[in-house]
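Only one structure is covered here, and it is reproduced in the block below.
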Amino acid sequence: MFVEAAVERLSRAGIGWVLVTDTLAQPAAPAMPIGVCSVAPLLAGVIGRLHRDEPLDDLLARA
């Protein structure tokens, strides 16, 4: 989620693209390239480990 003037500020800072997660829908494509990283595999791993009563520390250390 980008607040007002965020894309302009990022562009002025020399940032050419941004990587975001898919946890929030992007209402409109900003004027800069955006890469979207899915959090689904991480959430699936966490849910599976919680279900099996396994620790999360090593899974989260790799995230």
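What you see below is based on every heavy atom in this structure, not just the backbone, and it leaves out hydrogens, waters and symmetry mates. One-based numbering along the sequence shown.
In this structure, Leu50 and Asp53 have side chains that are not in contact, with every pair of non-hydrogen atoms separated by 4.5 Å or more.
Val36 and Leu43 are not part of a single hydrophobic cluster, where members link through side-chain heavy atoms under 4.5 Å apart. Residues Val39 and Val20 are members of separate hydrophobic clusters, defined by side-chain heavy-atom contacts under 4.5 angstrom among Ile, Leu, Val, Met, Phe, Trp and Tyr.
Taking CD of Glu54 as the start and CG of Leu59 as the end, the distance is 10.0 Å to the nearest 0.5 Å.
Here Arg49 does not pair with Asp57 in a salt bridge; the nearest charged N to carboxylate O distance is not below 4.0 Å.
Connectivity analysis of hydrophobic side chains (ILVMFWY, heavy atoms under 4.5 Å, direct or indirect) links Trp17 to Leu19.
Pairing each heavy atom of Pro33 with each of Gly16, the nearest pair is CD-O, 3.2 Å.
Every residue meeting the side-chain hydrogen bond (donor to acceptor under 3.5 Å, both in side chains) condition with Thr21, not counting sequence neighbours, appears here in chain and number order: Thr23.
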